[in-house]
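Below is one structure, written out as structure tokens; comments come after it.
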Amino acid sequence: MCGIAGVWNVDEAYNVIHDVLLTLQHRGQQSAGVVVNGFKSVKGEGLVENVLTPERYLPGNKGIGHVRYSTYGSLDEIQPLTAHTLKGRISVAHNGNIIDADEKRKFIMGSGGIFATTLDTEIIIHYFSIAPYTNPRESLQWAFSRIKAAYSVVVLHDTFLAAARDSFGIRPLFYGKFQSGYIVASEDVALRVIGCEDIVEIEPGTIVFFTDRTPPEVVRFAKRNDRFCSFEFVYFARPDSNFYGVNVHEVRKALGMKLYEEHKLGADVVVPVLDSGFSGALGYSQASGIPIEYGLIRNHYVGRSFIMPKNRQDIVRKKLSALSAVLEGKEVILIDDSIVRGTTMKLIVEMVKEAGVKKVYVGIHSPPVIGPCNYGIDTSRRSELIASENDIKSLQEYIGADRLVYLSVGAYREVFEKCGVHGVCMGCFDLNYPA
Ligand code: SF4
């Protein structure tokens, strides 16, 4: 649950990274950081606007940046991380979790290595440093060939900017041309907003090296075996982003349509749980012919409850309010992208009932989340996932809905195939993890 950015040979890199991270703010709201020429950095807890201020401006034409979900409370743990090595200085910003981080840390520490943080990102720096090459590019290639998943990474070195994705391509990464240089970002929308041209989705299992030579050099370090995170499509990414050339909003809409086709559950009105439930609700409405209405109003100045670790219930009440003018006396179907812990949906159902609905149904346009994510999305430990230990009937009772329907795993997979997205990870839905 992070957003990353990289800039090579672009004026005012600090400002450009600021703007890219602002578009990626939904990927992490607890800390932001930037490193530019000379490995000077600005880091802090909070939103991009509060951390990367004009007063802290750093001159330079290259750099990397990061927005992060969780900081563990210390500035040392805020990315990018920078280190001195025999092969030059290196700075890394990482999206994802390295699945065998504990083993790798033990291996490095066993040979005398020391760690300054608890971040698995530091493993990338160590592997770069211990690689049996003097050439920094070969060292990076060696490091990535030995770290399986999950990462999308930007690396700033004295002599290059590199952007890499693991062989499964679990987390997204793009680059585009800008001025006489290049910009890298987690989602293509961030590049389009800036005005980049020739936007490219980085291939899983490759590193793209940006140097003063053009075009950028693409080096393969592992065989491609696509298992892109389907949850990026369902919930995490912005609806105006595209992966594999397929628009996120369109996929969510198709998932909503499929949900109706699968259950044919009628109501007087379809109400989206804003914001990420909107596209699916639109699909449900279009497939069923049931009108869609704003029955829940969102306050955009409160963070997304999924990625706010404290006071979740208070945040939901502050974030959403039920509109009785729309809901009173109606049979309502609420459409949302997923249920993780169940507490948010329980509250929403309560609020909708308080607004005087006749019946409240809940439709989820993905399958039940039954397993945790080991690849960088905070979908809790298994014991915290309400669907991992409850069947749909008990879940329905818990959230207080008159009916709860999910999309089946088969139907979910079918929608991706039909939309042209082949080879997705569905690990948290079917426990079939890629790595
Ligand atoms: Fe995405 Fe779920 Fe796979 Fe994690 S386990 S990468 S959240 S689909």
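Each ligand, and each atom within it, is numbered from 1 in the order the structure gives.
Under a 4.0 Å criterion applied to the non-hydrogen atoms of Arg171, ligand 1 contributes the atoms 6 (S).
If you look at atom 2 (Fe) of ligand 1, the protein N, O or S atoms less than 2.8 Å from it are Cys428 SG.
If you look at His365 and Tyr406, their ring centroids are not closer than 6.0 Å. When ring centroids are compared, Phe231 and Phe236 stay outside the 6.0 Å threshold. Not less than 6.0 angstrom separates the ring centroid of Tyr151 from the ring centroid of Tyr375.
Residues Glu45 and Gln30 form no side-chain contact, since every pair of their non-hydrogen atoms from C-beta on lies 4.5 Å or further apart.
No hydrogens or angles considered: a donor-acceptor pair under 3.5 Å links the side chains of Glu417 and His422.
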- Query: Is there a salt bridge (charged side-chain N to carboxylate O under 4.0 Å, His left out) between Glu203 and Lys223 once you walk through the steps?
  - Reply: CA-CA 10 Å; Glu203 271 196 39; Lys223 193 164 173 275; over 6 Å; no

